[in-house]
*Asks:* 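Submitted below is the structure of interest, expressed as structure tokens.
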Amino acid sequence: MAVTFSSWGSPDLPESDRALAASRSNIPSHAPRFGRERALVAVVGYNAATEVTDYVVPYGILAASGVADVVAVATGEGPIRMSPALRFQAQATTSEFDARFPRGADYVIVPNVYVGAEDPVMLAWIRLQAARGATIVGICDGVPVLANAGLLEGRRATAHWKTIDRLERKHPATRWLRNQRYIADGNVITTSGVSASIPVSVALVEAIGGRAKAESVARSLGVMDWSPRHDSEQFKLDVGSLLTALGNKAMFWRHEALGLEVPPGADEITVALVADAYARTRRSDVLSVSGTDKPVRTRRGLMLIPDRISNGPDQPSRMLPLLQSLPPAQALDRALEGIAASYGEDTAAFVALTMEYPRRQGKR
């Protein structure tokens, strides 16, 4: 039995009790500012490397909800190279955002930006937005960025299972908590692994637009529970996981280039989850494919830059199903099933581990 997003966070609760668990968000209700009719959310990325799920999923969920104006931001000009796959063009640089919204955002979402975790432009902009009263949300290894910006001193916080011990040593003035998908402390929110981007985004919808709106968005995503309940103790890099990762990387002669066709209007949440999962296997790269080399506008207005043109040179080894007929949050479950079928259950389990996503081995 695989644990899916529809039950994740409360796998042992009967269905009748999961709605109750879902209501236990610890994110305070949004207080409108500056006479704005809707909250203003900025999702900020670092051009050289930004985690694709951390960035795209909160953007997609909040934009789909209609409770906020959402802006895709980058620290500099040009596209954002996502990791481990895809490229997107931001809608504004940080300086352009400041010019348009001098009072600042209401919420700033900070994904894992890898080598940008100590970037002066990134850190200065996050501090500026916090000083202007924005709630700063660190997704997965975006949490170290918040710590580097000095926003977690004296606060409670959580982080990815692989990172939290190191953060505890480096930032002892922060109270680091396990077994939480997300924690709100004042105007700072932190989350655990990559896959926590979905529940925390629905919780933000609830904080801004109310419970009924959150339930509507959750149903469209295929999500039942978005509470902070989480068991982080189950995630450990054991010998088996390490051997799987090293073995897959060593089998370079069996490495595949996988194509993911992205038509105009494709659901960016599904695209990000499928691409992210397959690109983590150490057995494959994921390339976006389009009928043109022009940027492709996704369902909620992101501009994806294709890696390949259909029927052009250097085609992928095989194409992946885009899974557009599924509720977006279920795409990860289906992708993990596909990974298990192609590369083995151990590889699927390793991918789920890196995303801090609870998945039991075996068929559903």
*Asks:* Are the side chains of Val108 and Trp125 in touch, meaning some heavy atoms are under 4.5 Å apart?
*Replies:*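 Yes, side chains in contact.
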*Asks:* Search all heavy atoms of Phe97 against all heavy atoms of Gly104 and return the closest pair with its distance.
*Replies:*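 Taking Phe97 first and Gly104 second, the nearest heavy atoms are CE2-C, 4.5 Å.
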*Asks:* Between CG of Asp225 and CD1 of Ile198, what distance do you get to the nearest 0.5 Å?
*Replies:* 12.5 Å
*Asks:* With heavy-atom distances below 4.5 Å as the criterion, would you say the side chains of Leu152 and His171 are in contact?
*Replies:*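 The answer is no, as the side chains (C-beta and beyond) never meet within the 4.5 Å cut-off.
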*Asks:* Looking only at non-hydrogen atoms, find the nearest pair between His30 and Ala39 and report the distance.
*Replies:* NE2-CB, 3.8 Å
*Asks:* Hey, could you give me the CZ/CG distance between Arg100 and Leu40, rounded to the nearest 0.5 Å?
*Replies:*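 Separation between the atoms: 8.5 Å.
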*Asks:* For Arg87 and Asp307, which heavy atoms make the closest approach, and how far apart are they?
*Replies:*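 So the minimum-distance heavy-atom pair works out to NE-OD1, 3.5 Å.
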*Asks:* What's the separation between atom CD1 in Ile136 and atom CD1 in Ile189, rounded to the nearest 0.5 Å?
*Replies:*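 Reported value, rounded in 0.5 Å steps: 9.5 Å.
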*Asks:* Quick one: CZ on Arg181 to OG on Ser227, what's the gap to the nearest 0.5 Å?
*Replies:* 4.5 Å
*Asks:* How far apart are the closest heavy atoms of Tyr59 and Gln91, and which atoms are they?
*Replies:* OH-NE2, 3.0 Å
*Asks:* Is any side-chain heavy atom of Val296 closer than 4.5 Å to a side-chain heavy atom of Pro263?
*Replies:*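 Result no, sub-4.5 Å side-chain heavy-atom pair not found.
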*Asks:* Answer whether the closest heavy-atom distance between the side chains of Asp98 and Leu128 falls below 4.5 Å.
*Replies:*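 Side chain of Asp98 against side chain of Leu128, heavy atoms only: contact under 4.5 Å found.
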*Asks:* Any donor-acceptor pair under 3.5 Å linking the side chain of Thr158 with the backbone of Thr190?
*Replies:*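 The answer is no, because no donor-acceptor pair under 3.5 Å joins these two groups.
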*Asks:* Leu260 and Leu322: side chain to side chain contact (heavy atoms under 4.5 Å, CB included), yes or no, with the steps?
*Replies:* CA-CA 7 Å; Leu260 185 62; Leu322 187 52; 3.7 Å; yes
*Asks:* Are side-chain heavy atoms of Leu167 and Thr174 found at a separation under 4.5 Å?
*Replies:* no
*Asks:* With distance as the sole test, does Asn248 use its side chain to make a donor-acceptor pair with the main-chain N or O of Thr281 at under 3.5 Å?
*Replies:* yes
*Asks:* Using 0.5 Å steps for rounding, measure from the OG1 atom of Thr347 to the CG atom of Leu353.
*Replies:*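 Going from OG1 on Thr347 over to CG on Leu353, the span is 12.0 Å.
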*Asks:* Give a yes or no on whether a salt bridge exists between Glu356 and Arg178, defined as a side-chain N under 4.0 angstrom from a carboxylate O.
*Replies:*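 Answer for the salt bridge query: no.
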*Asks:* Can you name the closest pair of heavy atoms from Val289 and Ser310 and give their distance?
*Replies:* CG1-OG, 3.6 Å
*Asks:* Output yes when Arg169 and Asp165 qualify as a salt bridge under the 4.0 Å nitrogen-oxygen rule, no when they do not.
*Replies:* no
*Asks:* Taking the side chain from Ser284 and the backbone from Tyr278, do they hold a donor-acceptor pair closer than 3.5 Å?
*Replies:*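 Judged by distance alone, yes, a pair lies under 3.5 Å.
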*Asks:* How far apart are the C-alpha atoms of Leu336 and Tyr357, what are their side-chain angles, what is the distance that settles it, and do they pass the side chain to side chain contact (heavy atoms under 4.5 Å, CB included) test?
*Replies:* CA-CA 11 Å; Leu336 288 168; Tyr357 182 70; 3.8 Å; yes
*Asks:* Would you say Asp267 and Arg300 make side-chain contact, with heavy atoms under 4.5 Å?
*Replies:* yes
*Asks:* Only pairs under 3.5 Å count here: list side-chain donor-acceptor contacts from residues 70-83, not counting sequence neighbours, and write none if there are none.
*Replies:*
residue, atom, partner, partner atom, Å
Thr75, OG1, Asn47, OD1, 3.3

*Asks:* For the pair Arg211 and Glu215, evaluate salt bridge (charged side-chain N to carboxylate O under 4.0 Å, His left out) and give the outcome as yes or no after the intermediate values.
*Replies:* CA-CA 6 Å; Arg211 176 61 185 269; Glu215 289 178 342; 2.9 Å; yes
*Asks:* Measure centre to centre between the rings of Phe235 and His160, then say whether the value is under 6.0 Å.
*Replies:* no
